[in-house]
Amino acid sequence: MSSNSDITIIGAGISGLLTALEFSRAGASVSIVEKNRIGRESSWAGGGILLPLYPWRQDPAITTLLVQSLELYPDLAAELQENTGIDPELVTSGLLITQNPDYDAAVDWCEDNHFTCQNPGPAILAPFNGDFLQPLWLPESAHARNPRLLKALQKELQNRQVRFLEDCSITGLEQRGSRIRSLQTSAGKLPVQQLVLTAGAWSAEFWRNLLPQSVNACPDIFPVKGQMLLFEGEQGLLPHMVLDDDGYLIPRKDGRILVGSTVEHCGFDKQTTEAARARLEKFAIRLFPPLANCPLIAHWAGLRPGTEHGIPYIDRHPAIENLSINAGHFRNGLAMGPASAQLLFDLITGHPPSIDPAPFRFDTLH
Ligand SMILES: Cc1cc2nc3c(=O)[nH]c(=O)nc-3n(C[C@H](O)[C@H](O)[C@H](O)COP(=O)(O)OP(=O)(O)OC[C@H]3O[C@@H](n4cnc5c(N)ncnc54)[C@H](O)[C@@H]3O)c2cc1C
């Protein structure tokens, strides 16, 4: 198999697809190697909230990527819908946060980042059976329907002649000096110019297996399982997102309601469990009693690419000159996705980055 692609990307989740879009827009030829199916791992499994949970409790580097991504999302969603006919369902529904013991920090964060936050009126609180503690209403908070966003991205990239190698495993790589020359894959040998690792929770595993001589620089990325439930609801039943302690509900345009999520450290195990189902279901019905009358139609799990502080690695490899990484977005890969891809594009092409790359570098994160 031959390929003269300028950019070869490993992993077709949100990070890989958005990175591919950046390069394709700039006129580069792109190939994406995906070991399973396109967009079916963490990026598919998530909730699609475009805001970290309690962003004021997170590292400021996360806010930087978030703020820039939120500026990019409306145009991205509109462009995808127009070009592909697939609606990523970017909806600014607003988010109610029922308990805010760190209310002042929340208000300060919102002010600093020009994010409207208000005291919710009785109409916003009424449908919920929460233990309210200084509740907050963020009317500008949005969510996307991640499976549709991924499908739209895939179609857009296919229209742009991006080459997808699906169900393709990488068994080795050929390195000469400080450059990777080619990948050995189940579809044959694939020559590479620039290689970008966007393998989510599997990024460190790839690194350890295929870059053993560079193991000291291995990113500290580990799988963190999250389980979700989906209820069938009538359109408009849940008017907006609600976050109650560590659980949340998200409405879809068609009335379906997502309930999330667990945070479990159990390696690459992606099984759902009865205990998690029972806990999430009880949480959801207590918080929003009408769910008791809605059928529970799905239960799944995904593996987040965990990092210690939730800060992704977005950097060029310190020694291998044509290898870069955009991975480790933990709980916020959708929320930070567009800006992460843009930053990596700037680093590879030598454009001055619009945000400070320092927090996302190998030497900062190690
Ligand atoms: C339950 C849950 C809820 C979430 N909710 C939200 C939310 O509301 N908002 C938000 O912003 N984020 C959320 N997230 C987090 C978000 O989903 C992740 O941060 C994001 O999807 C990571 O994207 P990714 O592309 O890096 O990884 P993935 O989507 O996992 O994609 C990585 C891809 O790489 C492929 N791959 C791996 N190894 C190889 C290899 N060797 N060769 C080829 N391909 C390979 C995989 O098969 C996969 O397709 C949630 C996650 C979960 C699990």
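Whatever order the structure lists them in is the order used to number ligands and atoms, beginning at 1. We count residues from 1, following the sequence as given.
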No-hydrogen, no-angle side-chain donor-acceptor test under 3.5 Å, Ser31 and Ser5 = yes
In terms of side-chain geometry, is the basic nitrogen of Glu89 or Arg252 positioned less than 4.0 Å from the acidic oxygen of its partner?
-> no
Asn322 (side chain) donor-acceptor with Arg179 (main chain) under 3.5 angstrom = no
Might you work through the ring-ring contact (aromatic ring centres under 6.0 Å, His included) test for Phe23 and Phe345, ending with a clear yes or no?
-> CA-CA 7 Å; Phe23 281 97; Phe345 173 84; 4.9 Å; yes
Answer yes if the side chains of Asn83 and Glu156 hold a donor-acceptor pair under 3.5 Å, and no otherwise.
-> yes
Results of side chain to side chain donor-acceptor pair (under 3.5 Å) for Tyr248 - residues two or more places apart only | Ser261
Shell of residues surrounding ligand 1, defined by a 4.0 angstrom heavy-atom cut-off that is strict = Ile10, Gly11, Ala12, Gly13, Ile14, Ser15, Val33, Glu34, Lys35, Asn36, Glu41, Ser42, Ser43, Ala45, Gly46, Gly47, Gly48, Ile49, Ile170, Thr198, Ala199, Gly200, Trp202, Phe206, Gly226, Met228, Tyr248, Gly302, Arg304, Pro305, His329, Phe330, Arg331, Asn332, Gly333, Leu334, Ala335
